[in-house]
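Please read the structure below before turning to the comments.
Start at 1 with the first residue, then count along the sequence.
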Amino acid sequence: YPNLGLAATFENTGAFINAAGLSPQYTDWVQNPRPTTDWYEDYLRNKDAATRIVDMNVSGGNEKTNYYASVGLNDTEATVIGNDFKRISGSFKLNSQLTSKVKLNLGVTGSNIKNNGSLENGAFFSNGNLSRYFMSPWIPAVNADGSPNLVMNGTSLHNTFYTAEKDIRRNDITRGIVNASLDINLF
C-alpha cells in the first residue's frame with residue numbers, strides 16, 4: 001500500500017483499511033474469521049422450487065351436438081425468491097346442428113395469470129439471478145439479530161434479499177375470449 005506508506009502484511013491490513021477510510025464492515029471481516037455471504041445459495045435461491053400442473057377435461061355428445069370443456073392450473077415456484085407464476089384457465093366448445101340447414105358453433109376461453117416476475121432487462125440489480133455476481137461476499141445479508149442488513153456500507157447496491165421479499169412486481173391479467181358462429185346453408 002505505497003500511497004499510505006504502509007507495508008502490505010496481514011498484521012496491518014486493519015490499519016490500512018482504517019487509514020484508507022474503508023467501511024467498518026471490511027475491518028470486521030479482516031479481524032474476524034473472514035465470514036462470507038453466498039447471496040445466491042444462502043438467501044436468494046429457492047432450493048425446493050416446485051411446479052404443479054393439473055388439467056382436467058370432459059367431452060361428449062351425440063350425432064347432432066358435441067361439446068368439450070377443460071380446466072387447468074399451473075402453479076410454478078421460481079428458482080429464486082420473489083418470483084412465482086400461477087395460471088388458472090378454462091375453455092368450453094359447443095357445436096350443434098340445430099336444423100338440417102343451421103349449425104351453431106360456440107367457443108369460450110378464459111384465464112387468469114398472476115406473475116411476480118424478476119427484473120430481467122438492463123441494470124436491474126434486484127434480479128436474484130444476477131445480483132449474486134454483484135453483491136459483496138463480505139457484506140452480510142442479515143444482521144446478527146436476524147434482521148435484514150439495510151446499511152450496505154462499502155457498496156452502492158441495496159440488499160437484494162430484502163428487496164426480493166418487500167418489492168411488489170406483480171402482473172395480474174385476466175383474459176376472456178368468445179367465438180360464436182351460425183352457419184346457415186341457404187341452398
Side-chain angles (χ1 to χ4, degrees), residues 23 25 35-61 65-96 104-182:
S23 165
Q25 288 177 331
T36 61
T37 301
D38 186 336
W39 285 84
Y40 183 68
E41 288 295 326
D42 296 342
Y43 297 103
L44 298 173
R45 182 174 177 212
N46 182 359
K47 295 174 182 76
D48 299 318
T51 299
R52 291 168 288 283
I53 298 174
V54 177
D55 291 311
M56 296 182 291
N57 63 63
V58 62
S59 62
T65 302
N66 60 55
Y67 63 89
Y68 172 84
S70 70
V71 175
L73 169 69
N74 180 333
D75 189 1
T76 302
E77 295 177 13
T79 57
V80 292
I81 64 170
N83 299 311
D84 58 303
F85 176 84
K86 189 171 193 174
R87 177 181 61 221
I88 299 173
S89 59
S91 70
F92 176 76
K93 295 178 184 177
L94 174 71
N95 298 314
S96 182
L104 172 68
N105 302 300
L106 177 65
V108 178
T109 61
S111 66
N112 177 263
I113 297 171
K114 292 181 181 173
N115 182 27
N116 293 322
S118 67
L119 300 169
E120 298 173 341
N121 300 318
F124 292 117
F125 294 104
S126 289
N127 180 328
N129 287 313
L130 293 176
S131 66
R132 64 180 163 171
Y133 302 114
F134 302 117
M135 299 308 294
S136 173
W138 53 80
I139 297 177
V142 294
N143 297 317
D145 65 359
S147 64
N149 179 12
L150 300 180
V151 181
M152 302 292 287
N153 290 329
T155 181
S156 61
L157 300 175
H158 57 279
N159 186 329
T160 307
F161 170 63
Y162 177 80
T163 305
E165 288 189 338
K166 301 298 182 188
D167 258 7
I168 298 173
R169 297 177 304 272
R170 181 171 297 128
N171 294 318
D172 189 347
I173 301 168
T174 301
R175 179 179 295 180
I177 300 172
V178 176
N179 292 314
S181 67
L182 195 59

Handout entry: Thr76 and Asn74: side chain donor to acceptor below 3.5 Å
Key =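 Yes, side-chain donor-acceptor contact under 3.5 Å.
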Problem - Side-chain H-bond candidate by donor/acceptor type, Ser96 with Thr65, under 3.5 Å - result: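 Short answer, yes.
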Problem - Atom pair CG (Leu73) and OG (Ser89), whose distance is rounded to the nearest 0.5 Å - result: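 Here the interatomic distance stands at 8.5 Å.
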Practice task
With rounding to the nearest 0.5 Å, note down the distance linking OH in Tyr68 to CG in Asn57.
Solution key: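 Here the interatomic distance stands at 4.0 Å.
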Is there a donor-acceptor contact under 3.5 Å from the side chain of [X] to the main chain of [Y]?
X      : Y      : answer
Asn115 : Asn171 : no
Asn159 : Ala141 : yes
Asn143 : Gly146 : no
Asp84  : Ala78  : no

Exercise for the section: Please list, chain by chain and in numerical order, all residues satisfying salt bridge (charged side-chain N to carboxylate O under 4.0 Å, His left out) with Arg52, sequence neighbours excluded. Expected result: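 Salt bridge (charged side-chain N to carboxylate O under 4.0 Å, His left out) check on Arg52 returns Asp75, Glu77.
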Practice task
Report the residues that fulfil side-chain contact (heavy atoms from CB on, under 4.5 Å) with Val58, sequence neighbours left out, ordered by chain and then residue number.
Solution key: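 Val58 satisfies side-chain contact (heavy atoms from CB on, under 4.5 Å) with Ala69 once adjacent residues are dropped.
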Exercise for the section: Only counting residues at least two apart or in another chain, list the ones meeting side-chain contact (heavy atoms from CB on, under 4.5 Å) with Asp172. Expected result: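 Residues passing side-chain contact (heavy atoms from CB on, under 4.5 Å) with Asp172: Asn112, Lys114, Thr174.
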Handout entry: Close side-chain approach of Asn179 to Lys93, heavy-atom, < 4.5 Å
Key =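 Counting from C-beta outward, Asn179 and Lys93 never come under 4.5 Å.
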Handout entry: Over all atoms of both residues, closest heavy-atom pair of Pro140 and Asn149
Key =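 Taking Pro140 first and Asn149 second, the nearest heavy atoms are O-ND2, 2.8 Å.
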Exercise for the section: Taking all heavy atoms of Ser91 and all of Thr109, pick out the closest pair and write down the distance. Expected result: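 Closest approach of Ser91 to Thr109, heavy atoms only: CB-CG2, 3.6 Å.
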Problem - Verdict with supporting geometry, Ser70 and Phe92, side chain to side chain contact (heavy atoms under 4.5 Å, CB included) - result: CA-CA 7 Å; Ser70 70; Phe92 176 76; over 6 Å; no
Practice task
For Asn66 and Asn95, run side chain to side chain contact (heavy atoms under 4.5 Å, CB included): C-alpha distance rounded to whole Å, both residues' side-chain angles, the deciding distance at 0.1 Å, then the answer.
Solution key: CA-CA 5 Å; Asn66 60 55; Asn95 298 314; 3.4 Å; yes
